[in-house]
Asker: 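The structure that follows is given in the form of structure tokens.
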Amino acid sequence: MKRAMVLATVALLGLAMAQGRTVNLLWSGAVTGPTSDVGGPYGAGIEDYCRYANEQKLIPNITLNCSVRDDQYQNPITQRIFEEALDRAKPAMYLGYSTGAMLQLKPLINEVKMPTLPASAHIGLIEPPNNQYMFLPVSSYSEQVVALMEYINRTSKNAKIALVVNPSPFGRAVVDHARRAAQRLGQSIVDVREVGGGNLDNTALLRALDAAGVEFIIHQNVAGPVANILKDAKRLGLDKKIKQMGAVYTGGADLIRLAGDAAEGYLWASSYYTLDENTPGISLQKQLAAKYNRSADILNSTNYTAGMLAAAIAVEAMRRAALRFNGRVDNETVYQALIGMNGPNAFKPGFAVSTKSGIEIDFTRSEQTGAEGLRVLEARGGKFVPVTEPFTSTLFRQVRNP
Amino acid sequence: MRNPWAQTGNYRTSYVQDTTIFANYREIVSVVLLLVALCILPMFLERSQVLVLNFILIYIIAVLGLNITTGYAGLISVGQAAFMGVGAYTVALSAPSLPFWLTVPLGGFAAAIIGFIVGIPSLRVKHLYLALATLAFQEIFVWVVGRSPALAQGAAIPVEMRNFLGLEISFRNHNYFWYYVILFVLVLVVIAWRNLLRGKYGRALIAVRDNDRAADAMGMDPGRTKLMAFALGAFYGGVAGGLLAYMQRAVVVEEFTLGRSVALLAMAIVGGLGTVVGSILGPAFIEFLRLYVERLSEWMKSNAFIQSITPAGVDVASALLPLSFGLVIVLFLVFEPRGLYNWWRLVRSYFRTWPFKY
């Protein structure tokens, strides 16, 4: 009798443990404060995908505790949130956000061996030192800008280009790589200007660039400042003379909403599918936005797609860790699952375009970029349509570490 | 002689007594007890809670400096974050070759030199015009860092210290180690602050703040006093920045922008300008307010009832934090311009004379 009771207790405990195990996933980003136009939809994407993962029981026998926290774009708050999580509910994976905070947290992330997928695609995050546990969901800003320069080179040789970047490490990240790429392509970077939010009149900037003979402006910024420049270019009649384009956070539905018809013809480098495309990821995005009553602005935002992709990668890594390590899902096993996500084991959720070899998301120990494919899209008739097939920038790999 | 333990007020009968650091024995005992409490406090806290304390202690040092410049000398400065930045970048550049007990004061001295230079306009301009001059410095600092490859153009410069006198510093004890270092530095700078202000230089600061022409007529040098106020305030800022660099393991320019300067000024105002206690209460109040409003905001987001009564498309929970900060500063300016220090003074007076009213 006594033995039976002990056995029953052990069995019950085992059952409870198998059913009730919780794994933590943390995201902290700017739901309020600067860049919240990006952070709001990004966080919503993570939140919705986590709910979906729990409802569908995507990770066997494990409940995902998804913590979405607002760091207000302040580095000390990001640090506190991350350390609080390490103390109280250690996440198996961390989904980060801003460039500055992520660069600052790099040594700590490396020390605690926490696999991290930041929203920022600053190349410095995956460069040594302390880069082992950092993974970019999509190609870096630098690669996007170099890809745009390659695209320019297809139709216009020896082009004169100006870079207009955000006055922050996020914006400046691309400048060195763009200069090196220009040298190889025979292009010239005529000017590098820093423009942040509140650029209500860009007449002087555009006139100066026009006088310098600039044919192309490449932006590395968020949508707001770019929209203002596009509207001013249209007002000054320079929209036909100077072609404008930019990296991932400059474009999308947000840009069209802000710039209106001035966005027509704007070229945008992005790894993500658009809402008009019929892929499993985009269908899921529409389905979840409807299910969780998200506004049209959030549904249409590429940042909502980006948040979902980050969460999807994390959930998939956890699922694989659970299968491979007998249900053990922690930072170490998730890291192993993440660096094993390549070749035939690459991940294909359908949020981002695939490379020529058909790979959407893959990581290795040394290749820490997920979606390496990207496309150039053009704003036409109030939406972005792809004007290239998915490609990877070969030149970027040459200029990354010359 | 009166029993020093039974004093109900300050009965100073000589200049020497008037310039003591502590007014009476009770004050000494209170400070010692407070320090003992602060020393044992981390034993009851998690690492992340100690991190919050570290930020508060660092902001206290910066606000003490701001209180020399703005609180005592009356020179409005909205560049304190930039002085912190000067200290932090000095530490970042010197940390690979110097120990922290040298780099942190070095950061302070570098900031003091810059503070001296920034203070030069104060010889000619006052009030809002001077505030604009310091604002210009704040913006110039961010601009210069952003264009300096040596400073990683504002991106992160790692500042790591893995070992101190054989003690290995890792994630497990990082916050605790820096807590005690920062606390030690804070005690030193508070003593220096009190020591400065009880002497002729401190009195000169007050005299220059109240009427610089009268101070000049009485033989003080207003120009030198103002420059000294800027340099000293910046020194405190530089030390705070240096400690922040070590504590955060890396220096990023985003930590030292105008927003941070305004936040420090808000802490000084909420705490009470020109007082040590205010310099301590202000940062503590603002940081704890941030923490608890954040908790409230998260609770509101997760509460189905609150969500059901909130109009669609209106995110009250997210708006709570910026709203509460603005409101607190406005309320203090309107109803309690002397800050939390005044509440502290009233409470202390009540207990000092208890059970009597006077």
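Bear in mind the structure is a predicted one, so any value in this text is a computation, not a measurement. In what follows, chains carry the letters A, B, and so on, assigned in the order in which the sequence lines appear, proteins first and then strands, with residues in each chain numbered from 1.
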Asker: Are the side chains of A:Val31 and B:Lys301 in touch, meaning some heavy atoms are under 4.5 Å apart?
Answerer: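 Contact flag for A:Val31/B:Lys301 side chains = yes.
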
Asker: Are there over 12 heavy-atom neighbours, none belonging to B:Glu139, within less than 6.0 Å of that residue's CD?
Answerer: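 Counting other residues, nucleotides and ligands, CD of B:Glu139 exceeds 12 neighbours.
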
Asker: Which heavy atom of B:Arg47 sits nearest to which heavy atom of A:Leu86, and what is that distance?
Answerer: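 That closest heavy-atom pairing would be NH2-O, 4.2 Å.
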
Asker: Can you say whether A:Phe170 sits under 4.5 Å from chain B via the side chain, the backbone, both, or neither, judging by heavy atoms?
Answerer: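 Answer is neither: A:Phe170 stays 4.5 Å or more from chain B.
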
Asker: For the CG atom of B:Leu244 and the CG atom of A:Asn75, what is their distance to the nearest 0.5 Å?
Answerer: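 Reported value, rounded in 0.5 Å steps: 9.5 Å.
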
Asker: If you define the side chain from C-beta out and look only at heavy atoms, does anything of B:Glu160 sit under 4.5 Å from A:Pro129?
Answerer: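 No. Closest side-chain heavy atoms not under 4.5 Å.
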
Asker: Determine whether A:Glu111 and B:Arg249 make a side-chain contact, defined as any pair of heavy atoms from C-beta on separated by less than 4.5 Å.
Answerer: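 Yes; the side chains approach each other to less than 4.5 Å.
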
Asker: Side chain, backbone, both or neither: which part of A:Ala85 has an atom under 4.5 Å from a heavy atom of chain B?
Answerer: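 Neither; nothing under 4.5 Å.
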
Asker: Could you tell me which of B:Arg172, B:Arg147, B:Met247 has the largest number of non-hydrogen atom pairs under 4.5 Å with chain A?
Answerer: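 Among the listed options, the one with the most contacts to chain A is B:Arg147.
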
Asker: Determine yes or no for a side-chain-to-main-chain donor-acceptor pair under 3.5 angstrom, with A:Glu84 supplying the side chain and B:Ser48 the backbone.
Answerer: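 Not at all, since once roles are kept as given, no pair shorter than 3.5 Å links the two residues.
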
Asker: For the interface with chain B, which of A:Ala101, A:Ser98, A:Ser36, A:Pro107 has the highest count of heavy-atom pairs at distances below 4.5 Å?
Answerer: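 The answer is A:Pro107.
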
Asker: Under 4.5 Å heavy-atom distance to chain A, tell me which part of B:Ser170 shows up: side chain, backbone, both or neither.
Answerer: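 Its backbone and side chain both get close to chain A.
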
Asker: Just by modelled atom types, is the B:Glu46 backbone N or O under 3.5 Å from a matching donor or acceptor in the A:Asp87 side chain?
Answerer: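 No, the answer is negative, given that no donor and acceptor are paired below the 3.5 Å cut-off.
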
Asker: Begin from the C-alpha positions of B:Gln248 and A:Leu105 and carry the test side-chain contact (heavy atoms from CB on, under 4.5 Å) through to its verdict.
Answerer: CA-CA 8 Å; B:Gln248 295 199 297; A:Leu105 280 176; over 6 Å; no

Asker: For A:Thr32, which atoms come within 4.5 Å of any heavy atom of chain B: side chain, backbone, both, or neither?
Answerer: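 Answer is side chain: those atoms of A:Thr32 sit under 4.5 Å from chain B.
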
Asker: Name the region of A:Asn130, side chain, backbone, both or neither, that has any atom closer than 4.5 Å to a heavy atom of chain B.
Answerer: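 It is the side chain, since no backbone atom gets that close.
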
Asker: If you count heavy-atom pairs within less than 4.5 Å of chain A, which of B:Gly146, B:Ala156, B:Ala155 leads?
Answerer: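 Of the options given, most contacts go to B:Gly146.
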
Asker: Is there a side-chain contact between A:Pro169 and B:Glu254 in this structure, where contact means two heavy atoms from C-beta onward sitting under 4.5 Å apart?
Answerer: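 SC-SC contact between A:Pro169 and B:Glu254 confirmed.
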
Asker: For a side-chain contact (heavy atoms from CB on, under 4.5 Å) check, start with the C-alpha distance between B:Glu294 and A:Asp70, then their side-chain angles and the critical distance, and finish with the verdict.
Answerer: CA-CA 8 Å; B:Glu294 192 183 297; A:Asp70 179 16; over 6 Å; no

Asker: Taking atom CZ as the centre, does B:Phe171 end up with more than 12 heavy-atom neighbours from other residues, nucleotides or ligands that are less than 6.0 angstrom away?
Answerer: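 Atom CZ in B:Phe171 is crowded, with more than 12 foreign heavy atoms closer than 6.0 Å.
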
Asker: Begin from the C-alpha positions of A:Glu83 and B:Asn175 and carry the test side-chain hydrogen bond (donor to acceptor under 3.5 Å, both in side chains) through to its verdict.
Answerer: CA-CA 10 Å; A:Glu83 294 205 22; B:Asn175 291 347; 2.7 Å; yes

Asker: If you tally heavy-atom pairs under 4.5 Å against chain A, which of B:Glu255, B:Gln153, B:Gln49 wins?
Answerer: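 Among the listed options, the one with the most contacts to chain A is B:Glu255.
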
Asker: I would like to know whether A:Arg80 and B:Leu291 meet side-chain contact (heavy atoms from CB on, under 4.5 Å); could you show each step before the answer?
Answerer: CA-CA 10 Å; A:Arg80 171 168 56 78; B:Leu291 209 61; 3.2 Å; yes

